[in-house]
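Here the structure is laid out as structure tokens; the discussion comes afterwards.
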Amino acid sequence: MTAVPTTPATATAGAAAPGSAGGRRRLRGRYLAVLILAAWVLLSVVLKGRDTLALGGAELTPLHTRLNEGMDAIDAGRNSNPLFLYFINYIRLFLDESVTFVQALISQPSFGRPVPVVGWLGVTGVATAVALLYGNRKVAALTAAGFAAFGLLGLWEESMDTLALTLTAVVLSLAVGIPLGIWAGLSDRVNRVVTPVLDVMQTMPTFVYLAPLTLFFLIGPASATVATMVYATPPVIRITAHGIREIPVNTLEASTSLGSTPAQALRKVRLPLAKRTIIVGANQTIMAALSMATIAALIDAPGLGKTVLKALQTLDVGTAFNAGLAIVIMAIVLDRVTSAAGRRVEAERRAGRARGPRARRIEVGLVLAAAAVLVYLSHVYVWAAKFPGEARLGSYVKQGAGAASEWVQDTLVTYTDALKNLVTYGLLNPFQSLLAGSPWWLVALVVVALALLLAGRRAAIIAGVSLVLLVLLGLWHDSMVTLATTLVATLIVMVLGVVAGVWMGRSGRVDQVLRPVLDAGQTMPAFVYLVPILGLFGATRFTAIIAAVAFAAPVSIKLVAEAVRGVSPTAVEAATAGGSSTWQLISKVQLPMARAGITLAASQGLIYVLSMVVIGGLVGAGALGYDVVAGFSQYPLRGKGLAAGLAIVVLGIMLDRIMRAAAQRAAARPASQ
Amino acid sequence: MAVPSLTEKSTPPAAAAGADDPPILDVRGLWKVFGPRADRVVGTPLAQLSRAELKHRTGCVAAVRDVSFSVRRGEVFVVMGLSGSGKSTLVRCLTRLVEPTAGEVRLDGEDVLACGERRLRELRRHRFGMVFQHFGLLPHRRVLDNVAYGLEIRGTKKDGRYERAREVLELVGLAGFEGSYPDQLSGGMQQRVGLARALAVDPEVLFFDEPFSALDPLIRREMQNEVIRLHREVGKTMIFITHDLSEALKLGDRILIMRDGALVQMGTPDQVVGAPADDYVRDFVSDVPRSDVLTLSWVMRDARPGEPLDGPELAPDTVIRDAARTVLSAGRPVKVVSGGALLGVVTTAEILEVIAGPDPGNPDSPGGESR
Ligand SMILES: Nc1ncnc2c1ncn2[C@@H]1O[C@H](COP(=O)(O)OP(=O)(O)OP(=O)(O)O)[C@@H](O)[C@H]1O
Ligand SMILES: [Mg+2]
């Protein structure tokens, strides 16, 4: 307590009076908040179960029916409405055809043949050749091994379906995203228009737009492609724009002084210098596309995602694990190859190609020739077209994973159950009974009051409107259950984030160890998390929470670590010199000074948790997630599913706004306490 | 307002020296104001405000304020001033890398500011060349391709531009480094590439924006000599920006000194050192060994009656340091003679006076007449 309280004093030296008045007001606010919470707990006990607006799983409100009818109307207009006839249907046709075409090439029997045009040997050869020519030998070997693994796991066709969908979406995303990114990089005006749109695209939970998309593009590859593009295009736009923008003025000026036209400056200066950055953007887009392409199984996208989904629905951990493994392998291969390509571009940019143009041409020629031979073989011979052997490895993996899951569930049951019960009874149930068990008006009142106290009037208004919307959507009770899970998951994420983040931020060694793990965690498609967790905990709300935590924790940990590392070294040094213990240093200097970063970590963590709500619905979380999932599969429930999607968005906006406003308030006052 | 009168006085004789040639570059009343509504400053009472006051009142920065000068063909014209005085902005206005707010820039009589995009590019491609402080090389291109860049964008065929690029690389002493990449070269070598790139298009006027200030002193000296050599060999008009006075004195035929965007003094090196226009310039030149810059014409006096006039003869533009030994060993007044006419005499006293430093009482004692 010795060093820190001087900070605000010196910061507001000469303005002591208003500072202390603010402090008193703040203190009063805090008491009030505690008071409100206490009153809520009391009242909720008294009024338990009244006005909770609970709605059964198959029950509908008039709004849901109306939404259903509206969707029916859109369906009916598909072949008469000009918007469909002249616009949407063409896009759908184009996308469907594109995906089907790539599928015909690599995954599905086509052109009257029992096998695709290019068999496993050809595809593996081409992929390896690409990795070799754009990356290096190491990633080429990795690629070959990865593709062989798809076959060995018995998932060749599914893997190729996923790859076809991913590649189509990536090509389209890049075709749209790179030019748009360049434009946004060149023009401030375009940038100003594009940025908020991208913000919305990236923060909106992906599942929310899956259902409406199917309305326009029907269930199947077209919707999957559009959904994947919506999710995957923003990174490349942003990063390309950034790359174009950050070209040193010196270099551009030199080019202009020699009389280059704007087009020449773009072609000869900006694009070559931004190439590396654009590849980084492409990498992000590819990873996002793969993640989304697997999730798009929910709207019947072909591929590995579907295998996982089916297995999840039947709680077949072995099969789910097997397919999840294939997804992970694909993610690793795609990530490593594009990263290597980026590094190679950078190295060549700085020092030229390792080999002369002649040698390079020979190398390219040889590699392409070899790939062509493999393609030909796989086109002509069955052994090279269909992966040989009956996927023995795959069945071992399935059995092994299934057995392991059972064994783990059996032997660790005491521990997992203890953990599960601790969280469920200690945190989740109280939260849930408080939120979902009290009358809706009481909850709404409390939330608005708290928002007003902690985040200001604007946030309170937004909260009020959002809560009313939740009631109108007819999903109040489900929303509150989901809110409870979300809050618990976010709480866990933040505990993890602060503990691991501080640890990482304080120690370079820990950072070195943890960072690759977190990076890997972030590149994994969200689906994959579910499998081992499901294996451990079975299908419960708790499983959904853990999946969300696994998905959201890496981001939060990284952000906290960043913030802790960003604390001015002089402040740390001064506190250390003043004789603070490590614990004092963390709790009194580093954490308070990193507050802005920690709040950001919390709000990001929250958004990530929310985007897992629907996936949680697949593994037993119930509530809004279940409503959305049921809406995908059951015709009469699709109006309700749509409403549930909207409710998730509303929840997200409400929480995000309150957190941000509260964070701004926190940042506005000097770091203390 | 001593400044304009001095510049006015010093310009006519300077122009007279190259009298037959009209100036290659003529700049009149040039302004550059950065900030919101920058165009509403020039020509209003606001223009009279000091830079700080203008910034305070309007949020605009007057980077260049009403600067006029002209540059003769083949001259090395140095622009000097402290950091932030507007040198870079001035030189960028001349090629319109920065668009001037007001004024006139004429290249061989052609109004540069009135040029359209296309014509401006023509000028940049064929008549201007520029060397930058931070080089501005393209890291993804070999040295050869960097040097050939100017030719490439104006559409020269590959063979032609490579041949020319090799020639220029030879000229700047980088033969053998054609295939290297900028990051593989030292700072001095990178700036030689920058120089070669500017020279490759064979421009008439070369602009240098503090080209050597990122280099260490030894390399800097070497590069300065390089520029002197190049100037002798190719005879280009050069406009050279620096904040280093010794560099200015070493390279410049004439020096323009700026402060807060405005012109403070313009003249030959010995004029600047010998007759600083104000305290700013005096401060600037106070560290310079005056005997290295001033010539005999600055210190000679009329012969007194009865003085012996049989001493050695020296030209009036002999630098004092070079004359010192002769004067000291002569033991009597040394005659300063030009074209057979006796202009004055110099004795040990005058030499010592210069070496001892300026007398704060009458700083501009050594006469107003220039050579
Ligand atoms: N693009 C710009 N926008 C706003 N103000 C600018 C801009 N460029 C320069 N200035 C201002 O104009 C003034 C002159 O800048 P300039 O770069 O010409 O100085 P300089 O003499 O070249 O300095 P240095 O020796 O540091 O390079 C400075 O006060 C600077 O802040
Ligand atoms: Mg400058």
Side-chain angles (χ1 to χ4, degrees), chain A residues 134 178 182 185-189 240 242-281 341-361, chain B residues 88 91-92 94-98 117-155 178-185 190 193-194 197-201 203 205-209 214:
Chain A
Y134 290 100
I178 291 179
I182 292 172
L186 293 176
S187 151
D188 283 332
R189 183 130 31 103
T240 301
H242 174 72
I244 293 287
R245 220 160 257 280
E246 70 164 6
I247 304 294
V249 265
N250 296 321
T251 318
L252 279 174
E253 200 175 40
S255 173
T256 315
S257 83
L258 287 161
S260 67
T261 61
Q264 281 172 327
L266 178 64
R267 210 172 63 243
K268 292 173 192 284
V269 181
R270 286 187 194 261
L271 284 182
L273 287 183
K275 196 166 162 190
R276 159 88 208 247
T277 315
I278 295 177
I279 293 180
V280 170
R343 277 198 303 277
R344 179 167 178 153
V345 162
E346 183 67 6
E348 280 173 2
R349 191 184 99 177
R350 296 280 164 192
R353 286 192 199 286
R355 264 160 272 172
R358 178 90 180 282
R360 170 75 180 168
R361 231 169 287 150
Chain B
S88 299
V91 77
R92 279 168 177 70
L94 304 183
T95 57
R96 283 175 62 190
L97 285 176
V98 164
E117 278 291 316
R118 187 176 288 263
R119 176 66 190 150
L120 182 62
R121 267 203 298 277
E122 284 292 294
L123 290 180
R124 285 178 182 161
R125 285 180 179 184
H126 297 276
R127 305 191 62 183
F128 295 143
M130 191 151 174
V131 182
F132 298 88
Q133 179 176 2
H134 298 291
F135 321 143
L137 301 179
L138 299 172
H140 61 288
R141 288 172 162 239
R142 294 177 301 161
V143 164
L144 190 65
D145 289 306
N146 261 293
V147 175
Y149 183 73
L151 296 164
E152 180 183 332
I153 57 178
R154 75 187 200 197
E178 292 86 355
S180 305
Y181 281 79
D183 285 1
Q184 300 167 330
L185 303 181
Q190 290 190 33
V193 178
R197 178 177 62 187
L199 286 172
V201 295
V205 186
L206 270 170
F207 299 94
F208 295 82
D209 184 9

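This structure is a prediction, so every number in the text was calculated from the model and none was measured. Naming convention: chains lettered A, B, ... in sequence-line order (proteins, then strands); numbering from 1 in each chain.
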Practice problem: State which residues pass side chain to side chain donor-acceptor pair (under 3.5 Å) with Ser255(A); sequence neighbours excluded, sorted by chain then number. | Solution: Ser260(A), Tyr149(B)

Quiz item: For the residue pair Gly259(A) and Arg121(B), what are the closest heavy atoms and their distance?
Solution: O-CD, 3.2 Å

Quiz prompt | Name of the residue among Leu273(A), Val269(A), Val345(A) meeting side-chain contact (heavy atoms from CB on, under 4.5 Å) with His140(B) | solution = Leu273(A)

Quiz prompt | Max heavy-atom pair count under 4.5 Å with chain A, selected residue of Leu138(B), Thr95(B), Val131(B) | solution = Leu138(B)

Quiz prompt | Chi angles and distances behind the side-chain contact (heavy atoms from CB on, under 4.5 Å) call for Phe207(B), Ser257(A) | solution = CA-CA 10 Å; Phe207(B) 299 94; Ser257(A) 83; over 6 Å; no

Quiz prompt | For the student: nearest non-hydrogen atoms of Leu258(A) and Arg125(B), plus distance | solution = O-CG, 3.3 Å

Self-check item: Per-residue contact mode, Leu120(B) against chain A (heavy atom under 4.5 angstrom)
Solution: neither

Exercise. Using the test side chain to side chain donor-acceptor pair (under 3.5 Å), find all partners of Glu253(A) that sit at least two apart in sequence or belong to another chain.
Key: Arg92(B)

Exercise. Go through Arg141(B) and Lys268(A) one step at a time and tell me if the side-chain contact (heavy atoms from CB on, under 4.5 Å) criterion holds.
Key: CA-CA 10 Å; Arg141(B) 288 172 162 239; Lys268(A) 292 173 192 284; 3.9 Å; yes

Quiz prompt | Heavy-atom pair with the smallest gap, counting every atom of Ala254(A) and Gly136(B) | solution = CB-O, 3.5 Å

Practice problem: Supply the atom-to-atom distance Arg96(B) CZ to Thr256(A) OG1, rounded to the nearest 0.5 angstrom. | Solution: 13.0 Å

